Protein chains: 2
Amino acid sequence: MTRKRFDDLDCSIACALNEVGDWWSLLVIKQAMLGTRRYVDFQQSLGIAKNILCDRLSRLVENGVMTRVNVAEHGTRYEYRLTEKGRDLFTVIVALRQWSERWNGSKDTMQLVERASGAPVAQVEVRSADGSALSVREVLFVGENGEPLERAG
Amino acid sequence: MTRKRFDDLDCSIACALNEVGDWWSLLVIKQAMLGTRRYVDFQQSLGIAKNILCDRLSRLVENGVMTRVNVAEHGTRYEYRLTEKGRDLFTVIVALRQWSERWNGSKDTMQLVERASGAPVAQVEVRSADGSALSVREVLFVGENGEPLERAG
DNA sequence: CGAAAAGGGTTGCATTAAAAAACCAAATAA
DNA sequence: TTATTTGGTTTTTTAATGCAACCCTTTTCG
């Protein structure tokens, strides 16, 4: 049966998963952040089936995460580039990568460093308004009127 | 054919997606962060099919993201709780939620606030070692020896 | 006490999506 | 000109999803 869509769950997470929550989309986006732009390069670096890659790229373009640009002088030669919305997934990608490294060890030899200084980037954290790090136990989900909804953690 | 496993892509993102990258797992985890612990409550709040929920919970337990605890005096009454590894996905969940809200608007009325102060939490950001925010254009992926691999962005 | 409901699943079946490979057309390269 | 690259689409097989029905054990209610 049709894969359940999450639109009806009025939840931002569900909404995000509709756009980038399937098995390949985040890997395509990560690869794009590494500088990959052409169809064949995505295909070869990820080992993804061509039809799936087509489908994912189309869907990412539809959702405004990537754009398809014709970069040929007289003909068709496409590049897929991240939009601002796509580049803004950087935080999610890094958070996921760091989580995986913390709990499963480093699976790849690549390291993420600041371009200017060469120093490794810091661990991504949820912070309070004044900058202190917050765990899930230190936050609360509240409704519009500020009343606590459920206990987190 | 068998869904491609990402283990062979020696990539931390791929590894993370193997554990929590399918359609339902992250929603189950988010719901657990809201305080849900019992099977039926997951089922009803998410509207997930029971067999799929069984499968996801088992897999999350296998991967050490959740634990199944028998909380009955004389019989069986289970609770599914996040482990430390699961709670550590908080950063990922919040980053994804904030991304979705920035680009698609707020889909739910819930707000995430600091428990102690009641103030909304800050936007999650990737930061350099000295604390300044970094975009994808300001970082570099380097190999073990520090040589630049590919251009990010 | 007995009946009914709730909790935590498992099983079967229809539908759909994924993977692989073959095929295709336009544009380059040799 | 012929071969190859690029960016796809089509076809076929296999796995996953969703739904409903069923099951067994505990609680709860009359």
Side-chain angles (χ1 to χ4, degrees), chain A residues 1-9 14 17-29 31-32 35-63 66-81, chain B residues 1-9 14 17-28 31-32 35-63 66-82:
Chain A
M1 193 148 275
T2 298
R3 164 166 294 161
K4 187 160 211 162
R5 302 272 94 177
F6 294 133
D7 312 297
D8 50 335
L9 299 173
L17 291 176
N18 267 335
E19 298 191 337
V20 296
D22 64 289
W23 288 84
W24 285 109
S25 294
L26 270 184
L27 283 178
V28 169
I29 291 164
Q31 199 62 37
T36 301
R37 294 187 168 173
R38 297 218 320 291
Y39 182 87
V40 284
D41 293 336
F42 282 110
Q43 210 235 308
Q44 285 167 12
S45 59
L46 294 175
I48 182 175
K50 295 171 86 177
N51 50 354
I52 306 296
L53 178 58
C54 269
D55 181 71
R56 291 305 176 275
L57 286 173
S58 310
R59 242 151 44 79
L60 289 172
V61 169
E62 262 179 47
N63 289 328
M66 304 188 83
T67 46
R68 190 170 94 145
V69 185
N70 190 342
V71 292
E73 296 83 22
H74 60 292
T76 52
R77 176 60 52 92
Y78 297 118
E79 273 189 10
Y80 291 88
R81 298 184 191 164
Chain B
M1 193 151 271
T2 296
R3 164 164 292 160
K4 188 158 212 164
R5 302 272 94 179
F6 294 133
D7 312 298
D8 51 336
L9 298 174
L17 291 176
N18 267 335
E19 298 192 336
V20 296
D22 64 290
W23 289 85
W24 284 110
S25 294
L26 269 184
L27 284 178
V28 169
Q31 199 62 38
T36 300
R37 293 188 169 174
R38 295 218 321 290
Y39 182 87
V40 284
D41 293 337
F42 283 109
Q43 211 235 309
Q44 285 168 12
S45 59
L46 295 174
I48 184 176
K50 295 172 87 176
N51 51 350
I52 305 297
L53 178 59
C54 268
D55 181 71
R56 292 304 176 275
L57 287 173
S58 310
R59 239 150 50 75
L60 289 172
V61 169
E62 262 178 47
N63 288 327
M66 302 190 83
T67 47
R68 188 170 95 144
V69 184
N70 191 343
V71 293
E73 295 84 22
H74 59 292
T76 53
R77 176 61 52 94
Y78 296 118
E79 272 189 9
Y80 291 89
R81 297 182 190 166
L82 289 172

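Just so you know, these numbers come straight off a predicted model, no measurement behind them.
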Query raised in the report: Under 4.0 angstrom, heavy atoms only, what part of the nucleic acid is Phe42(A) near: base, sugar-phosphate, or nothing?
Result: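 No contact.
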Query raised in the report: Counting any heavy atom closer than 4.0 Å, what does Tyr39(B) reach on the DNA or RNA strands: base, sugar-phosphate only, or nothing?
Result: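 The answer is base, as Tyr39(B) lies within the cut-off (heavy atoms under 4.0 Å) of a base atom.
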Can you tell me how far [atom2] of [N] sits from [atom1] of [X], to the nearest Å?
X	N	atom1	atom2	value
Tyr80(B)	dG7(C)	OH	P	14 Å
Trp24(A)	dA17(C)	CH2	C1'	14 Å
Gln43(B)	dC19(D)	CD	C1'	11 Å
Asp22(B)	dT16(C)	CG	C1'	16 Å
Gln44(B)	dA5(C)	CD	P	16 Å
Lys50(B)	dT10(C)	NZ	C1'	10 Å
Arg77(B)	dT28(D)	CZ	P	8 Å
Leu53(A)	dA18(C)	CG	P	13 Å

Report task. For a side chain to side chain contact (heavy atoms under 4.5 Å, CB included) with Thr36(B), tell me which candidate from Gln31(B), Glu79(B), Gln43(B) qualifies. Result ->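 Going through the options one by one, the only one that passes is Gln31(B).
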Shortest side-chain distance from [X], nucleotide among [options]:
X	options	result
Arg68(B)	dA18(C), dG7(D), dG9(C)	dG9(C)
Ile52(B)	dG7(C), dT6(D), dT17(D)	dT17(D)
Asn51(B)	dT17(D), dG18(D), dG8(C)	dG18(D)
Cys54(B)	dG8(D), dG7(C), dT10(C)	dT10(C)
Ala49(A)	dG8(C), dC23(C), dA19(C)	dA19(C)

Query raised in the report: Ignoring hydrogens and geometry, is there a side-chain-to-backbone donor-acceptor pair from Asn70(B) to Arg77(B) under 3.5 Å?
Result: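 Here the side-chain-to-backbone pair exists.
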Report task. Using atom types as modelled and distance alone, determine if a side-chain donor or acceptor of Ser58(A) lies under 3.5 Å from a backbone N or O of Cys54(A). Result ->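 Pair found, side chain donor or acceptor close to backbone of Cys54(A).
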Query - Distance in Å, Arg37(A) CZ paired with Tyr80(A) OH, rounded so as to fall on 0.5 Å steps - result: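 Between atom CZ of Arg37(A) and atom OH of Tyr80(A) there are 14.0 Å.
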Query raised in the report: If you find the nucleotide of DNA chain D closest to Asp55(B) and the one closest to Tyr78(A), which residue's nucleotide is nearer the 5' end?
Result: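 Between the two, 5'-proximity favours Tyr78(A).
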Query - Closest approach of Phe42(B) to Val28(B) (non-hydrogen atoms, all atoms of both residues) - result: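 Shortest heavy-atom separation between Phe42(B) and Val28(B) comes out as CE2-O, 3.4 Å.
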